[in-house]
Novice: 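Sharing a structure with you now.
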Amino acid sequence: MIIMKSDATKEQIDHVIREIEKYGLRADVSQGDYRTVIGLIGDERGVPFDHFAVLPGVKEARMVETPYKLITREYARMAGDQSERRIIKVGDVRIGGDEPVFIAGPCAVESKAQLMTIAEGVKKAGAHILRGGIFKPRTSVHSFQGLGAAGEDEAEEALTWMREAGDRYEMPVVTEIRGESQVDLVAKYVDIIQIGARNMYDQDLLIAVARKKKPILYKRHFGAGIEEFLSFAEYMVAEDNKDIILCERGILPLGKGKSYTRYTLDLAAVPVIQKETYLPVIIDPSHAAGRRDLIFNLSCAGIAVGACGLIVEVHHNPEEALVDSAQQITPAECKELITACRQIHKAIGGRKNGG
Ligand code: PEP
Ligand code: MN
């Protein structure tokens, strides 16, 4: 990490970048209000920091031996950025801002009519962003795989419905991609690209998505530690895409016997991660619980621990849903939940527990 003097010139900064590149590394240039901080991306061993420390315009050069650094609040602070949280702007929605953001919609897009009905319902319930899966990660090849599995034309048609629903009800839209071959197509239609829990570790996918320069909804793998999750998030920030929304969606339950929930919602991860990084964290109570009777309370708990928002599965007829029927709630229940979460957010004074 190279900290430039506050009066360093552009020529001096460019010189440092060229020197970094000589060592086969890349530079992340963070231009703050007071000074510029340059992060080295790549293997720093073998970099003569003494040499960098005496270059014109350099205040300090040192090695940072952590698996991630570009996403830390410390890194942003060094460049003079005192803001607690990065605010990710998607249309008129601000994720990480003063108000919690609610992302809602069906687990899977099933038909145009189903999507439009649910979009209207969640909009009326107070949701800001519409979700809907077109490429579904499924355990069994015999289950409904999402409309995207039928072929590229079918996937594109479903994506046009997402776009239309988002435009009609004035909500940005998010859908999951499962592989690199889907990235170009999906990026054409949606505002936010979701990388699901199962793909958290796919660094080639992370890089390919980050290069689209669109906001990314990035979910923690159910077996991943916090440090691992943040280390992989750094791959996207290293591609100069800082619009990453982190999502805690439950980790594997412990012990033998019945666990009663699909996963264990790691509530403490929310304030812990938000202390570590400037990226906003949201929670997914739906996949964590796997059952609709817990969604209200877990959502309230997520907001209470300082989450910047929620992603929740909503269906106008949950019993009939083709995927994740047990955990989807109705638009009316979604409205109750949003109302309660707003009250809780107010009660805790809007604290995001990362300040
Ligand atoms: C989803 O949000 O549709 C989903 C499959 O979630 P996760 O990746 O967290 O399992
Ligand atoms: Mn689901």
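Just follow the structure's listing: the first ligand is 1, and inside any ligand the first atom is 1. Remember, predicted model here, so these are calculated numbers, not experimental data.
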Novice: Does the N or O separation between Pro137 and ligand 1 drop below 3.5 Å for any pair?
Specialist: no

Novice: Salt bridge check: are Arg18 and Asp14 linked by an N-O gap of less than 4.0 Å?
Specialist: no

Novice: Quick one: which ligand 1 atoms are inside 4.0 Å of a heavy atom on Gln194?
Specialist: 1 (C), 2 (O)

Novice: Looking only at heavy atoms, what is the nearest atom pair of Ala210 and Glu239, with distance?
Specialist: CB-CB, 3.8 Å

Novice: Test of geometry: compute the angle NE2(His287)-the Mn ion (ligand 2)-OD2(Asp324) and round it to 10°.
Specialist: 100°

Novice: Under 3.5 Å, N or O to N or O, is Lys136 touching ligand 1 that way?
Specialist: yes

Novice: How about Asp324 and His287: does a side-chain donor come under 3.5 Å of a side-chain acceptor?
Specialist: yes

Novice: For atom 1 (C) of ligand 1, grab the closest protein heavy atom and report residue, atom and distance to one decimal in Å.
Specialist: His287 CE1, 3.3 Å

Novice: Is a donor from one side chain sitting under 3.5 angstrom from an acceptor on the other, for Glu110 and His315?
Specialist: yes

Novice: Should the pair Glu319-Arg292 be classified as a salt bridge under the 4.0 Å nitrogen-to-oxygen rule?
Specialist: yes

Novice: What angle sits at the Mn ion (ligand 2) between SG of Cys107 and OE2 of Glu313, to 10°?
Specialist: 90°

Novice: Consider only side-chain N and O atoms of His51 and Glu19, and report whether a donor and an acceptor are under 3.5 Å apart.
Specialist: yes

Novice: Can you tell me the protein heavy atom closest to atom 10 (O) of ligand 1 and the distance?
Specialist: Arg249 NH2, 2.8 Å

Novice: What residue and atom, counting heavy atoms only, is the protein's closest point to atom 8 (O) of ligand 1, and at what distance?
Specialist: Ala197 N, 2.8 Å

Novice: Quick one, Thr330 with Glu333, criterion side-chain hydrogen bond (donor to acceptor under 3.5 Å, both in side chains). Give me CA distance, side-chain angles, the key distance, then yes/no.
Specialist: CA-CA 5 Å; Thr330 62; Glu333 288 164 334; 3.3 Å; yes

Novice: At what distance is the nearest protein heavy atom to atom 6 (O) of ligand 1, and which residue and atom is it?
Specialist: Lys219 NZ, 2.8 Å

Novice: Should you measure from each heavy atom of Arg198, which atoms of ligand 1 turn up under 4.0 Å away?
Specialist: 7 (P), 8 (O), 10 (O)

